[in-house]
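Below: the structure, in structure tokens.
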Amino acid sequence: MLVCDQITHPSMYFTEPSPYLEDTYYGKFASYPKHRFKNEDELYITAVSMIAGILRLDKTGFTKNRDVTKRITVSCRQASVLFSAILKAKGIPCRSRAGFMDFGDTGESYMEHWVNEYWDFKESRWILADVDGYYEYEQRFGYSQFDLPRRKFVTASEAWLGLRKNTLNKKLEVFSLNPLEGVCEYLFMDFHALMNNEIMCCCNIR
């Protein structure tokens with residue numbers, strides 16, 4: 001909630017207004033300044049730049065239920081990077097992961113997405129978490145978004161190997177004309193994220 005109260009998501013510009021999403025996560029977009037960018041991902045690539053942008057809009061820092069006009073507009077990658085930085089600063093091992101998420105919980109379609117893995121010292125395991133909103137997971141599907149079943153998320157490496165071996169029985173929603181190129185791009189991003197170097201994208205990979 002701390003992360004999500006500081007950001008809005010670019011997709012809200014292109015979807016029908018949702019009282020649930022606006023009231024519990026994104027804020028009222030009717031009051032959002034028209035002169036602001038509709039997607040500020042390229043302005044806020046690193047955690048440091050995001051924190052600077054958040055403080056520039058409101059010097060009080062990370063606050064609960066921040067006014068939508070005082071939030072930065074970034075997508076799942078940025079939310080993941082910011083969450084990783086916060087947990088690592090607290091001494092909790094955390095890493096961002098690039099891959100594909102089953103938002104419908106049917107196992108049929110997986111969409112490009114970034115999540116987090118953090119280390120639980122008590123249970124001695126990596127826990128999969130999605131901090132980019134979607135708080136309805138626990139109510140709709142019976143599990144928390146902060147401890148997602150592994151079936152929910154296909155890492156880029158799993159997708160790449162599955163496509164190459166023709167063993168991936170899942171539909172991937174890749175925003176690319178060539179699905180293999182799209183998966184390859186995410187493979188590079190996920191590899192860098194595991195080395196604490198969360199690159200933005202790998203355009204024109206050949």
In short, T63 meets Q6 closest at the heavy-atom pair O-NE2, 2.8 Å
(Q) Please determine whether the number of non-hydrogen atoms from other residues, nucleotides or ligands lying under 6.0 Å from atom CZ of F191 exceeds 12. (A) no
In this structure, CD1 of I86 is separated from CG of L2 (nearest 0.5 Å) by 5.0 Å
Heavy-atom closest pair (Y44 atom, G53 atom, distance to 0.1 Å) is CE2-CA, 3.6 Å
Taking every heavy atom of H113 against every heavy atom of D130, the minimum-distance pair comes out as NE2-OD1, 3.1 Å
For the pair D105 and R151, find out whether any cationic side-chain nitrogen is under 4.0 Å from an anionic carboxylate oxygen. yes
Hits for side chain to side chain contact (heavy atoms under 4.5 Å, CB included) against T106, two or more places apart or cross-chain, chain-then-number order -> D102, E108
### Note, K152 side chain near V115 side chain (heavy atom, < 4.5 Å)
no
For N116 and C94 the tightest heavy-atom approach is ND2-SG, 3.8 Å
Distance col, row L57:CG vs K59:NZ, nearest 0.5 angstrom, shows 11.5 Å
From the list I54, L43, T8, side chain to side chain contact (heavy atoms under 4.5 Å, CB included) partner of I72 resolves to I54
Please determine whether residues M111 and L128 belong to a single hydrophobic cluster, defined as Ile, Leu, Val, Met, Phe, Trp and Tyr linked transitively by side-chain heavy-atom distances below 4.5 Å. yes
**Prompt:** Does L87 share a hydrophobic cluster with W119, counting links as ILVMFWY side-chain heavy atoms below 4.5 Å and allowing steps through other members?
**Reply:** no
With sequence neighbours left out, the residues meeting ring-ring contact (aromatic ring centres under 6.0 Å, His included) with F100 are Y186
When every non-hydrogen atom of I45 is compared with those of R77, the smallest separation belongs to O-NH1, 2.9 Å
Check your understanding: With hydrophobic residues grouped by side-chain heavy-atom distances under 4.5 Å, do F146 and W126 end up in a single group?
Key -> no
Heavy-atom nearest pair, R71 first then C4, reads NH1-O, 3.4 Å
Do other residues, nucleotides or ligands put more than 12 heavy atoms under 6.0 Å from E42 CD? no
One should read off an interatomic distance between I199 CD1 and H192 NE2, to the nearest 0.5 angstrom, of 4.0 Å
Rounded to the nearest 0.5 angstrom, the OG-CE distance for S96 and M189 is 11.5 Å
Hits for salt bridge (Lys or Arg N to Asp or Glu O under 4.0 Å) against E117, two or more places apart or cross-chain, chain-then-number order -> R95, R97, R150
Residue pairs passing the side-chain hydrogen bond (donor to acceptor under 3.5 Å, both in side chains) test with at least one member in residues 160-170, sequence neighbours excluded, are none
| said: With clusters defined by side-chain heavy atoms of hydrophobic residues (ILVMFWY) lying less than 4.5 Å apart, directly or transitively, does V81 cluster with I127? | reply: yes
Rounding to 0.5 Å, atoms CD1 (I7) and CG (D132) come to a distance of 5.5 Å
Sorted by chain and residue number, the side chain to side chain contact (heavy atoms under 4.5 Å, CB included) partners of L55 (sequence neighbours excluded) come out as I51
message: Run R125 and D147 through side chain to side chain contact (heavy atoms under 4.5 Å, CB included) and show every step you take.
response: CA-CA 11 Å; R125 68 183 178 101; D147 189 359; 2.7 Å; yes
- Query: Side-chain contact, heavy-atom cut-off 4.5 Å: N65 with D5?
  - Reply: yes
Those residues at least two apart in sequence (or on a different chain) that pass side chain to side chain contact (heavy atoms under 4.5 Å, CB included) with S157 are T155, L187
Counting N and O atoms only, with roles assigned by atom type, does the side chain of D41 sit under 3.5 Å from a partner on the main chain of S75, one being a donor and the other an acceptor? yes
Is L194 reachable from L82 through a run of I, L, V, M, F, W or Y residues, each pair having side-chain heavy atoms under 4.5 Å apart? no
To the nearest 0.5 Å, atom CZ of F153 lies from atom CD of E158 at 8.5 Å
